[in-house]
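Please read all numbers here as calculations on a predicted model, not as lab measurements. The first residue in the sequence is number 1, and the count goes up from there.
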Amino acid sequence: MPITCQEGLPAVRAEAALSPPAENRRSAQRLFAPPAGDCVQVLGGTPLRGEVAVSGAKNAALPILAASLLFEDQVALENVPHVGDVQILADVLRGLGVQIDSDADGALHAKVVNTQPHEADRSLVERMRASFCVLGPLLARRGRAVVPLPGGCRIGPRPVDLHLRGLTALGAKLRIEAGRVVATASRLRGATVDLCGPRGTSVTGTANLLSAAVLAEGTTVIRGAAREPEIVDLGRFLQSAGADIDGLGTGTILVRGVRELHAVRYRVVSDRIEAATLLVAGLVTGGDVQVCGARPEHLTAVLGKLQAAGARLTIDRDRITATASRRLNGMDLATSAFPGVPTDVQPQWTTLAALALGTSRLRDGIFPERWGHLAALARFGAAFSRTGADVRVYGRRRLIGGHVEALDLRGGAALLLAALAADGESTIAGFHHVDRGYERLVEKISQLGGRLSRLPEC
């Protein structure tokens, strides 16, 4: 079934959450069927053309879903992407006493049915860093939380010290024990917290502290707060449930604690990283792609860089069209916190630079070690040199198909873009990494004319 654009969908929707009828509930253990086949075969060289809809933002849906621990009433979430990371977090929450179902329309319904569990499953948390977002809401609601130190994609060190600093300021007693954070607090109390670290602020740290502070006694001031749209969306979700929050989207968030949150139905914001990925897919193949449901204001830096490189963009309220009538020019790009170019777009941009005219200079200011995709891109014929966090990419007129393996989520997306642009046939193993963060990406690319299919193995 085509993945079509929908007109008139509200960016934010809040109302009383209703349980889906029993006949509409899906499996209590599996929210959605995983994609079949961990290998993707691509016959490249075809320009992508057409219209495609962007899904809900994984990086917003995860902390919002984790915040369901704060509620006595049910939470209903629309536009949650059906991706691997959402399934992992749902399994974490089920272990913490949350009943989670999806209805026939794809909305998730979450309700706490058992407040006794305090410890998150180690095997699940170690698979996905965002699982650590249960720490704040679990502690705020139940007074005790035991959460293993998180895992996730291998893109460099991502310490959790800012999370712990913030919760300690709110009165939590914390210790690290056998690779787990053990936190206790009879009730959290408001405080002023500074989340600025050596590499800037922490997005997941802001999410953890914001979720904890809404039920804390008194007022919490979060300085150095992340400004990312996903944090704003978490805050708006909490506001729609009765939280008292000011300053979302700025570096200082003010939270006045409330006694409880009420039932809510909320629509998750669209995924700016997926939107950027689809736009770049059109450009590297020399195509013409319209991404609808996108939020251009969340991609200002990315769109500006694309235009500076020579891409022709048409930007409307909720859709963006990218056209490549010729090869793009080489470019300088450095990732940074919002409103800058996000680090989650850097690997895809590397593929774009590999086909651009001249030399591009790329720097990842968030994760300096996030260059694991370079070796695989070299198999396609990409040329580059690296010095620490800085990479020079020497543009080529064409890439050649090959066999590669995805090692992480965004790096895997970069390899898919290279395969689509390359001459000949390519295979990408380890595609489950990509499935963790992109909903039905193979189907969406096929809808745009891409020639690719899934195989059980490569």
Distance-only, no hydrogens or angles: does the [X] side chain make a donor-acceptor pair with backbone N or O of [Y] under 3.5 Å?
X    : Y    : result
D233 : V269 : yes
R327 : L355 : yes
D38  : H432 : yes
E439 : H82  : yes

Does CZ belonging to R180 count more than 12 external heavy atoms closer than 6.0 Å? yes

May I ask you to check whether over 12 heavy atoms, not counting those of R392, lie within 6.0 Å of atom CZ? no

Find the distance between NZ (K58) and CZ (R436) and round it off to the nearest 0.5 Å. 6.0 Å

Starting at CG of N329, measure out to CG of L357 and round the result to the nearest 0.5 Å. 5.5 Å

Identify the two heavy atoms, one from [X] and one from [Y], that lie closest to each other, and give their separation to 0.1 Å.
X    : Y    : answer
A207 : P63  : CB-CB, 4.0 Å
S131 : I88  : OG-CG2, 4.2 Å
A421 : V284 : CB-O, 3.4 Å

Given side chains that start at C-beta, do those of W349 and T335 come closer than 4.5 Å, heavy atoms only? no

Determine whether I400 and F380 satisfy the following criterion, side chain to side chain contact (heavy atoms under 4.5 Å, CB included), listing intermediate values before the conclusion. CA-CA 5 Å; I400 305 298; F380 290 108; over 6 Å; no

Taking atom types as modelled, find out whether Q346 and H373 have a side-chain donor-acceptor pair closer than 3.5 angstrom. yes

Can H109 and D101 be said to form a side chain to side chain donor-acceptor pair (under 3.5 Å), step by step? CA-CA 5 Å; H109 297 254; D101 303 283; over 6 Å; no

Measure from the ring center of F237 to the ring center of F71 and say whether it is less than 6.0 Å. yes

Sort and list the pairs that fulfil side-chain hydrogen bond (donor to acceptor under 3.5 Å, both in side chains) and have at least one residue in residues 353-362, not counting sequence neighbours. D332-R361

Checking side chain to side chain donor-acceptor pair (under 3.5 Å) for the pair S55/K444: CA distance, chi angles, key distance, verdict? CA-CA 10 Å; S55 299; K444 291 184 180 185; 2.7 Å; yes

N208 vs H163, side chain to side chain donor-acceptor pair (under 3.5 Å): CA-CA, chis, key distance, verdict: CA-CA 7 Å; N208 244 331; H163 303 240; 3.0 Å; yes

Can you list every salt bridge (Lys or Arg N to Asp or Glu O under 4.0 Å) pair that touches residues 449-458, not counting sequence neighbours? D435-R454

